[in-house]
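What's counted below: heavy atoms across the whole structure, side chains too, no hydrogens, waters or symmetry copies. Lettering of chains follows the sequences in order, A, B, ..., and the numbering in each one begins at 1.
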There are 2 protein chains.
Amino acid sequence: MKATGFSIGELSKQCGVNLETIRYYEKIGVMPAPSRSAGGYRIYDADHLKRLSFVRRSRQLGFSLDEIRGLLRLVDGHAYTCAEVRALTLDHLAEIRRKIADLNRLKRVMAEMAAQCSGERAPECAIIDALFDAPPLSGETRRRP
Amino acid sequence: MKATGFSIGELSKQCGVNLETIRYYEKIGVMPAPSRSAGGYRIYDADHLKRLSFVRRSRQLGFSLDEIRGLLRLVDGHAYTCAEVRALTLDHLAEIRRKIADLNRLKRVMAEMAAQCSGERAPECAIIDALFDAPPLSGETRRRP
DNA sequence: GCTAAGGCCTGTAGCGGCTACAGGGTCAAG
DNA sequence: CTTGACCCTGTAGCCGCTACAGGCCTTAGC
């Protein structure tokens, strides 16, 4: 079995994660430091690829790096239970729902504003007026970002 | 008429915008530099309040500071037409719709993952497996953020 | 007039999650 | 042995703030 390791460039391509991002993940402790060649090049193996895929996938699903660290701690400790992972997932799902609700409110307001606007070449504009005169939104647009 | 100006603290309270944020807006040119007292304190008037409300409202609607600068340039130049403002608004609306669509995709995936999970105290977890094994999402999660 | 408490000032550094350099060293093919 | 593609570290920048530190100003009460 010729399971020789591969370079950061190959890992980057395989996984679709920017090379500098991989180094960044290493620096902040999300990816483990790989072994090195005599000249100091990083050498990765299949486990690194698996882990980086996990991180990339989780990022795409909107988990923060901190949440990902939480997931990885569970995985690394081999001590996770479905319930723990499920809890993190449901928290995140709730957050996504909140964001969707917020954006739907925005969409409604924006669409109303745009509908007010004649689109003609006029110096008065309902949108500008709305932006100037409207009171604060009732619901918070972003809570604790 | 005793239309004396007011301090940054009062402006902050009136408008619901953090004091340091107001100074930041001044630094980056979104708010104009106000006049100053003998001792160097900022003195604001009703126009500043109006403009800051505009900025706050636009931020709440999700416009970036750069987009707001665009809107303000139109307003300041007295040269805006409804059509221009409407175009910016519709652009922004399209972006909001895209974000909502993205989040709905995420929601679906997350909900599926959570549904797979038994919630029992077990060392195998469908969510973890899904995070490890799943291919890249088809649609980009965030495009040019 | 004097003091103390509260406001305000500038400037800098930090957050998250990268990205983009600069200025080098290493590796493999020819 | 040379070339060129890759890789290394370290630092600075992006957005939209927020949070200090270490001062100066203002005002109310005595």
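- Taking for each of B:E10 and B:K27 the nucleotide of DNA chain C with the nearest heavy atom, the 5'-most of the two is the partner of B:E10.
- B:I43 and B:S37 get closest at one heavy-atom pair: CD1-N, 3.4 Å.
- Taking atom CD of residue A:E26 and atom C1' of nucleotide C:dC18, one finds them 16 Å apart after rounding to whole Å.
- Summarising the geometry, the separation between OH on A:Y44 and P on D:dC6 is reported as 17 Å, rounded to the nearest angstrom.
- Checked against side-chain contact (heavy atoms from CB on, under 4.5 Å), A:L49 has the following partners two or more places apart in sequence or in another chain: A:F6, A:L11, A:Q14, A:C15, A:S53.
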Please table the atom pairs, donor to acceptor, closer than 3.5 Å between any side-chain atom in residues 21-31 of chain B and protein atoms at least two apart or in another chain.
unit_1: B:E26; atom_1: OE1; unit_2: B:R42; atom_2: NE; d: 2.7

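- Between its opening and closing five pairs, the helix from C:dG1-D:dC30 to C:dG30-D:dC1 changes axis direction by 20°, a value rounded to 10 degrees.
- Judged as a ring pair (Phe, Tyr, Trp, His ring centres under 6.0 Å), the pairs with a partner in residues 26-72 of chain A (not counting sequence neighbours) are, in order, A:Y44-A:H48, A:F54-B:F132, A:F63-A:H92.
- Summarising the geometry, the separation between OH on A:Y24 and P on D:dG10 is reported as 16 Å, rounded to the nearest angstrom.
- At least one side-chain nitrogen or oxygen of A:R42 sits closer than 4.0 Å to the OP1 or OP2 atom of D:dT9.
- Taking a cutoff of 4.0 Å between a charged side-chain nitrogen and a carboxylate oxygen, B:D102 and B:R105 qualify as a salt bridge.
- A salt bridge does not link B:K13 to B:E10: none of the charged nitrogens lies less than 4.0 Å from a carboxylate oxygen.
- The distance from atom CG of A:D66 to atom P of C:dG16 is 7 Å, rounded to the nearest whole Å.
- In terms of phosphate contacts, B:S7 brings a side-chain nitrogen or oxygen within less than 4.0 Å of OP1 or OP2 of C:dC8.
- For D:dC17, the OP1/OP2 oxygens have a side-chain nitrogen or oxygen of B:Y25 closer than 4.0 Å.
- Using a cutoff of 4.0 Å between basic side-chain nitrogens and carboxylate oxygens, B:D91 and B:R86 are not scored as salt-bridged.
- Summarising the geometry, the separation between CG on B:L19 and P on C:dG7 is reported as 10 Å, rounded to the nearest angstrom.
- Across the protein-nucleic acid pair, A:I68 atom CD1 and C:dG16 atom C1' stand 12 Å apart, rounded to whole Å.
- Taking atom CD of B:E67 as the reference point, atom C1' of D:dC15 lies 13 Å away to the nearest angstrom.
- Using a 4.0 Å heavy-atom cutoff across all strands shown, B:I28 reaches no nucleic acid atom at all.
- With respect to the salt-bridge test (charged N to carboxylate O, under 4.0 angstrom), the residues A:D66 and A:R69 qualify.
- Residue-level contact check: B:F63 touches neither bases nor backbone, having no heavy atom under 4.0 Å from any strand.
- Between A:T21 and C:dT19 there is a side-chain N or O to OP1 or OP2 distance below 4.0 Å.
- Every residue two or more places apart in sequence or in another chain was checked for a side-chain hydrogen bond (donor to acceptor under 3.5 Å, both in side chains) with B:E112, and none qualifies.
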Q: Using a 4.0 Å heavy-atom cut-off, write out nucleotides 21-30 of chain C from 5' to 3' as B (base contacted by protein), S (sugar-phosphate only) or - (no contact).
A: B---BBS---
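- Dashed line: the shortest gap from a side-chain N or O of A:R36 to OP1 or OP2 of D:dC7 is not under 4.0 Å.
- Rounded to the nearest 0.5 Å, atoms CG (A:N18) and CZ (A:R56) are 13.5 Å apart.
- Here C:dC18 presents its P atom at 11 Å from CG of A:L52, a figure rounded to the nearest Å.
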